[in-house]
There are 2 protein chains.
Amino acid sequence: MKDSEKDYCPLAYTMSLIGTKWKPLALFHLIPGSMRSGLLQKKMPEISNKMFTQTVRELERDGLISRKVFPVVPPKVEYELTGKGRSLEDILQRLDKWGSEQS
Amino acid sequence: MKDSEKDYCPLAYTMSLIGTKWKPLALFHLIPGSMRSGLLQKKMPEISNKMFTQTVRELERDGLISRKVFPVVPPKVEYELTGKGRSLEDILQRLDKWGSEQS
DNA sequence: CCGTATCCCTAATGATACTG
DNA sequence: CAGTATCATTAGGGATACGG
(Lines give C-alpha, C1' and ligand atoms only; values in the text may rest on other atoms or scores of the structure.)
Protein backbone atom coordinates (compact mmCIF):
# COMPACT_ATOMS: atom_id res chain seq x y z
CA MET A 1 0.00 0.00 0.00
CA LYS A 2 1.06 3.56 -0.62
CA ASP A 3 2.49 5.67 2.18
CA SER A 4 -0.21 8.25 1.56
CA GLU A 5 -2.80 5.66 2.46
CA LYS A 6 -0.92 4.73 5.58
CA ASP A 7 -0.79 8.30 6.74
CA TYR A 8 -4.44 8.69 5.85
CA CYS A 9 -5.38 5.78 8.07
CA PRO A 10 -2.86 3.53 9.82
CA LEU A 11 -5.60 0.99 10.37
CA ALA A 12 -5.68 0.34 6.63
CA TYR A 13 -1.94 -0.31 6.75
CA THR A 14 -2.33 -2.78 9.58
CA MET A 15 -5.01 -4.64 7.69
CA SER A 16 -2.83 -4.79 4.60
CA LEU A 17 -0.36 -6.78 6.68
CA ILE A 18 -2.64 -9.11 8.61
CA GLY A 19 -6.10 -8.65 7.13
CA THR A 20 -6.37 -12.05 5.47
CA LYS A 21 -7.96 -15.34 6.29
CA TRP A 22 -4.82 -17.14 7.42
CA LYS A 23 -2.22 -14.62 8.58
CA PRO A 24 -3.73 -13.82 12.00
CA LEU A 25 -4.17 -17.52 12.61
CA ALA A 26 -0.56 -18.34 11.79
CA LEU A 27 0.68 -15.52 14.03
CA PHE A 28 -1.63 -16.63 16.81
CA HIS A 29 -0.34 -20.18 16.76
CA LEU A 30 3.23 -18.90 17.00
CA ILE A 31 2.58 -16.95 20.19
CA PRO A 32 3.66 -19.82 22.49
CA GLY A 33 6.97 -20.05 20.68
CA SER A 34 8.80 -21.14 17.54
CA MET A 35 7.32 -24.03 15.64
CA ARG A 36 8.25 -26.43 12.86
CA SER A 37 6.75 -25.73 9.47
CA GLY A 38 4.83 -28.98 9.29
CA LEU A 39 3.32 -28.57 12.75
CA LEU A 40 2.25 -25.00 12.07
CA GLN A 41 0.51 -26.16 8.95
CA LYS A 42 -1.20 -28.95 10.88
CA LYS A 43 -2.60 -26.30 13.21
CA MET A 44 -4.50 -24.97 10.20
CA PRO A 45 -5.94 -28.18 8.78
CA GLU A 46 -7.98 -26.48 6.08
CA ILE A 47 -5.20 -24.44 4.54
CA SER A 48 -3.82 -25.64 1.23
CA ASN A 49 -0.14 -26.21 0.73
CA LYS A 50 0.08 -23.29 -1.62
CA MET A 51 -1.64 -20.83 0.68
CA PHE A 52 0.45 -21.92 3.64
CA THR A 53 3.67 -21.21 1.82
CA GLN A 54 2.34 -17.91 0.52
CA THR A 55 1.16 -16.89 3.99
CA VAL A 56 4.44 -17.53 5.79
CA ARG A 57 6.41 -15.97 2.93
CA GLU A 58 4.48 -12.73 3.16
CA LEU A 59 4.62 -12.67 6.95
CA GLU A 60 8.38 -13.10 6.69
CA ARG A 61 8.67 -10.42 4.00
CA ASP A 62 6.73 -8.00 6.20
CA GLY A 63 8.97 -8.73 9.17
CA LEU A 64 6.36 -10.35 11.39
CA ILE A 65 7.94 -13.79 11.56
CA SER A 66 11.41 -15.18 10.99
CA ARG A 67 12.32 -18.35 9.13
CA LYS A 68 15.11 -20.58 10.31
CA VAL A 69 16.42 -23.42 8.15
CA PHE A 70 18.33 -26.28 9.77
CA PRO A 71 20.86 -27.95 7.45
CA VAL A 72 19.80 -31.49 8.26
CA VAL A 73 18.14 -34.39 6.53
CA PRO A 74 15.27 -34.57 6.41
CA PRO A 75 14.93 -30.79 6.06
CA LYS A 76 13.76 -28.86 9.09
CA VAL A 77 12.32 -25.36 9.08
CA GLU A 78 11.09 -23.35 12.04
CA TYR A 79 9.07 -20.18 12.19
CA GLU A 80 9.08 -17.70 15.02
CA LEU A 81 7.52 -14.35 15.80
CA THR A 82 9.86 -11.39 15.43
CA GLY A 83 9.75 -8.42 17.75
CA LYS A 84 7.35 -6.74 15.35
CA GLY A 85 5.22 -9.86 15.30
CA ARG A 86 5.20 -10.15 19.07
CA SER A 87 3.99 -6.57 19.30
CA LEU A 88 0.74 -7.88 17.81
CA GLU A 89 0.29 -10.55 20.48
CA ASP A 90 -2.07 -8.53 22.61
CA ILE A 91 -4.24 -7.55 19.65
CA LEU A 92 -4.42 -11.14 18.44
CA GLN A 93 -5.45 -12.32 21.89
CA ARG A 94 -8.18 -9.69 21.98
CA LEU A 95 -9.46 -10.62 18.55
CA ASP A 96 -9.61 -14.24 19.64
CA LYS A 97 -11.32 -13.36 22.89
CA TRP A 98 -13.85 -11.18 21.11
CA GLY A 99 -14.75 -14.04 18.80
CA SER A 100 -15.25 -16.43 21.69
CA GLU A 101 -17.63 -13.98 23.36
CA GLN A 102 -20.00 -13.71 20.41
CA SER A 103 -23.18 -15.78 20.21
CA MET B 1 -18.15 -20.05 8.74
CA LYS B 2 -19.07 -23.27 10.47
CA ASP B 3 -19.51 -23.37 14.23
CA SER B 4 -16.91 -26.12 14.42
CA GLU B 5 -14.36 -23.71 13.01
CA LYS B 6 -15.39 -21.03 15.47
CA ASP B 7 -14.89 -23.37 18.39
CA TYR B 8 -11.60 -24.47 16.91
CA CYS B 9 -10.36 -20.89 16.84
CA PRO B 10 -12.51 -17.87 17.69
CA LEU B 11 -9.93 -15.66 16.02
CA ALA B 12 -10.94 -17.15 12.68
CA TYR B 13 -14.53 -16.25 13.41
CA THR B 14 -13.61 -12.68 14.23
CA MET B 15 -11.67 -12.37 11.02
CA SER B 16 -14.60 -13.73 9.05
CA LEU B 17 -16.59 -10.73 10.28
CA ILE B 18 -14.05 -7.93 9.99
CA GLY B 19 -11.06 -9.40 8.19
CA THR B 20 -11.45 -7.47 4.97
CA LYS B 21 -9.96 -4.39 3.44
CA TRP B 22 -12.86 -2.04 4.11
CA LYS B 23 -14.86 -3.30 7.09
CA PRO B 24 -12.47 -2.24 9.86
CA LEU B 25 -12.16 1.15 8.21
CA ALA B 26 -15.90 1.69 8.06
CA LEU B 27 -16.31 0.65 11.69
CA PHE B 28 -13.42 2.87 12.72
CA HIS B 29 -14.93 5.94 11.09
CA LEU B 30 -18.21 5.31 12.88
CA ILE B 31 -16.61 5.34 16.33
CA PRO B 32 -17.23 9.07 16.89
CA GLY B 33 -20.93 8.58 16.18
CA SER B 34 -23.59 7.97 13.54
CA MET B 35 -22.85 9.23 10.07
CA ARG B 36 -24.62 9.79 6.79
CA SER B 37 -24.02 7.25 4.09
CA GLY B 38 -22.44 9.71 1.68
CA LEU B 39 -20.06 11.11 4.27
CA LEU B 40 -18.98 7.65 5.39
CA GLN B 41 -18.21 6.78 1.81
CA LYS B 42 -16.24 10.02 1.40
CA LYS B 43 -14.09 8.91 4.34
CA MET B 44 -12.99 6.00 2.16
CA PRO B 45 -12.19 7.79 -1.10
CA GLU B 46 -10.83 4.71 -2.86
CA ILE B 47 -13.75 2.40 -2.25
CA SER B 48 -16.01 1.75 -5.19
CA ASN B 49 -19.73 2.35 -4.95
CA LYS B 50 -20.41 -1.33 -5.18
CA MET B 51 -17.98 -2.33 -2.47
CA PHE B 52 -19.25 0.36 -0.14
CA THR B 53 -22.81 -0.93 -0.38
CA GLN B 54 -21.63 -4.50 0.04
CA THR B 55 -19.50 -3.60 3.04
CA VAL B 56 -22.21 -1.80 4.98
CA ARG B 57 -24.77 -4.46 4.06
CA GLU B 58 -22.62 -7.22 5.52
CA LEU B 59 -21.75 -5.22 8.61
CA GLU B 60 -25.45 -4.67 9.14
CA ARG B 61 -26.25 -8.33 8.52
CA ASP B 62 -23.64 -9.33 11.08
CA GLY B 63 -25.08 -6.93 13.64
CA LEU B 64 -22.09 -4.62 13.87
CA ILE B 65 -23.81 -1.50 12.53
CA SER B 66 -27.39 -0.33 12.23
CA ARG B 67 -28.98 1.38 9.25
CA LYS B 68 -31.51 4.15 9.69
CA VAL B 69 -33.51 5.46 6.75
CA PHE B 70 -35.11 8.90 6.96
CA PRO B 71 -38.25 9.24 4.83
CA VAL B 72 -37.26 12.53 3.25
CA VAL B 73 -36.31 13.84 -0.16
CA PRO B 74 -33.57 13.68 -1.08
CA PRO B 75 -33.07 10.32 0.64
CA LYS B 76 -31.07 10.26 3.84
CA VAL B 77 -29.47 7.20 5.40
CA GLU B 78 -27.38 7.04 8.52
CA TYR B 79 -25.17 4.28 9.85
CA GLU B 80 -24.25 3.75 13.46
CA LEU B 81 -22.32 1.22 15.51
CA THR B 82 -24.46 -1.27 17.43
CA GLY B 83 -23.54 -2.52 20.88
CA LYS B 84 -21.75 -5.41 19.25
CA GLY B 85 -19.95 -3.00 16.96
CA ARG B 86 -18.94 -0.74 19.82
CA SER B 87 -17.45 -3.72 21.61
CA LEU B 88 -14.81 -3.69 18.86
CA GLU B 89 -13.86 -0.05 19.43
CA ASP B 90 -10.87 -0.79 21.59
CA ILE B 91 -9.50 -3.39 19.19
CA LEU B 92 -9.93 -1.05 16.23
CA GLN B 93 -8.11 1.72 18.08
CA ARG B 94 -5.27 -0.66 18.84
CA LEU B 95 -5.02 -1.84 15.26
CA ASP B 96 -4.86 1.77 14.12
CA LYS B 97 -2.30 2.67 16.75
CA TRP B 98 -0.15 -0.33 15.83
CA GLY B 99 -0.16 0.74 12.19
CA SER B 100 0.92 4.27 13.08
CA GLU B 101 3.84 2.93 15.10
CA GLN B 102 5.36 0.94 12.26
CA SER B 103 8.21 2.31 10.17
C1' DC C 1 10.30 -32.99 5.11
C1' DC C 2 9.71 -28.78 2.80
C1' DG C 3 8.78 -26.10 -0.84
C1' DT C 4 7.90 -24.97 -5.82
C1' DA C 5 5.38 -25.07 -10.24
C1' DT C 6 1.48 -25.57 -12.96
C1' DC C 7 -3.14 -25.61 -14.19
C1' DC C 8 -7.71 -24.41 -13.29
C1' DC C 9 -11.70 -22.43 -11.19
C1' DT C 10 -14.29 -19.33 -8.32
C1' DA C 11 -14.95 -15.24 -5.74
C1' DA C 12 -13.79 -10.58 -5.09
C1' DT C 13 -13.44 -6.10 -6.90
C1' DG C 14 -13.87 -2.19 -10.14
C1' DA C 15 -16.21 0.91 -13.83
C1' DT C 16 -20.10 2.42 -15.72
C1' DA C 17 -24.73 3.32 -16.33
C1' DC C 18 -29.20 3.52 -14.47
C1' DT C 19 -33.48 3.80 -10.91
C1' DG C 20 -36.40 5.43 -6.83
C1' DC D 1 -28.71 11.14 -2.26
C1' DA D 2 -28.66 6.42 -2.05
C1' DG D 3 -28.56 2.26 -4.04
C1' DT D 4 -28.89 -1.39 -7.91
C1' DA D 5 -27.52 -3.85 -12.21
C1' DT D 6 -24.38 -5.27 -15.47
C1' DC D 7 -20.20 -6.33 -17.51
C1' DA D 8 -15.32 -7.01 -17.39
C1' DT D 9 -11.19 -7.81 -14.79
C1' DT D 10 -8.30 -9.55 -11.33
C1' DA D 11 -6.92 -11.82 -7.20
C1' DG D 12 -7.62 -15.67 -4.19
C1' DG D 13 -7.60 -20.25 -3.66
C1' DG D 14 -7.36 -25.54 -4.45
C1' DA D 15 -5.34 -30.00 -6.59
C1' DT D 16 -1.76 -32.24 -8.29
C1' DA D 17 2.77 -33.42 -9.40
C1' DC D 18 7.54 -32.62 -9.04
C1' DG D 19 12.32 -31.10 -7.02
C1' DG D 20 16.06 -30.00 -3.35
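Protein chains get the first letters and strands the later ones, always in sequence-line order, with residue 1 at the start of each.
- Remark: side-chain polar atoms of A/Ser37 are not paired, donor with acceptor, to backbone N or O of A/Val77 under 3.5 angstrom.
- The main-chain N or O of A/Pro10 is never found under 3.5 Å from a side-chain atom of B/Ser100 such that the two would form a donor-acceptor pair.
- The closest side-chain heavy-atom distance from B/Arg57 to B/Gln54 is not below 4.5 Å.
- The backbone N or O of A/Glu80 sits nowhere less than 3.5 Å from a side-chain atom of A/Ser34 that would complete a donor-acceptor pair.
- Scanning both residues, A/Met15 and B/Thr20, for their nearest heavy atoms gives CE-O, 4.0 Å.
- Ring pair A/Trp98/B/Tyr13 is parallel by interplanar angle, where below 30° counts as parallel and above 60° as perpendicular.
- With a cutoff of under 4.0 Å to any heavy atom of chain A, the contacted region of DNA chain D is bounded 5' to 3' by D/dG13 to D/dG20.
- Minimum interatomic distance between A/Cys9 and B/Asp96 (heavy atoms only, all atoms of both residues): SG-OD1, 3.8 Å.
- At least one side-chain nitrogen or oxygen of A/Tyr79 sits closer than 4.0 Å to the OP1 or OP2 atom of C/dG3.
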At a cut-off of 3.5 Å, list every protein nitrogen or oxygen paired with a nitrogen or oxygen from nucleotides 12-18 of chain C, distance to 0.1 Å.
{"unit_1": "C/dT13", "atom_1": "O4", "unit_2": "B/Lys50", "atom_2": "NZ", "d": "3.1"}
{"unit_1": "C/dG14", "atom_1": "O6", "unit_2": "B/Lys50", "atom_2": "NZ", "d": "2.5"}

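- Looking at A/Thr82, its side chain does come within 3.5 Å of a backbone N or O of A/Gly63 through a donor-acceptor pair.
- B/Thr53 comes within 4.0 angstrom of a base, heavy atoms only.
- At the heavy-atom level, B/Phe70 lies nowhere under 4.0 Å from the strands shown.
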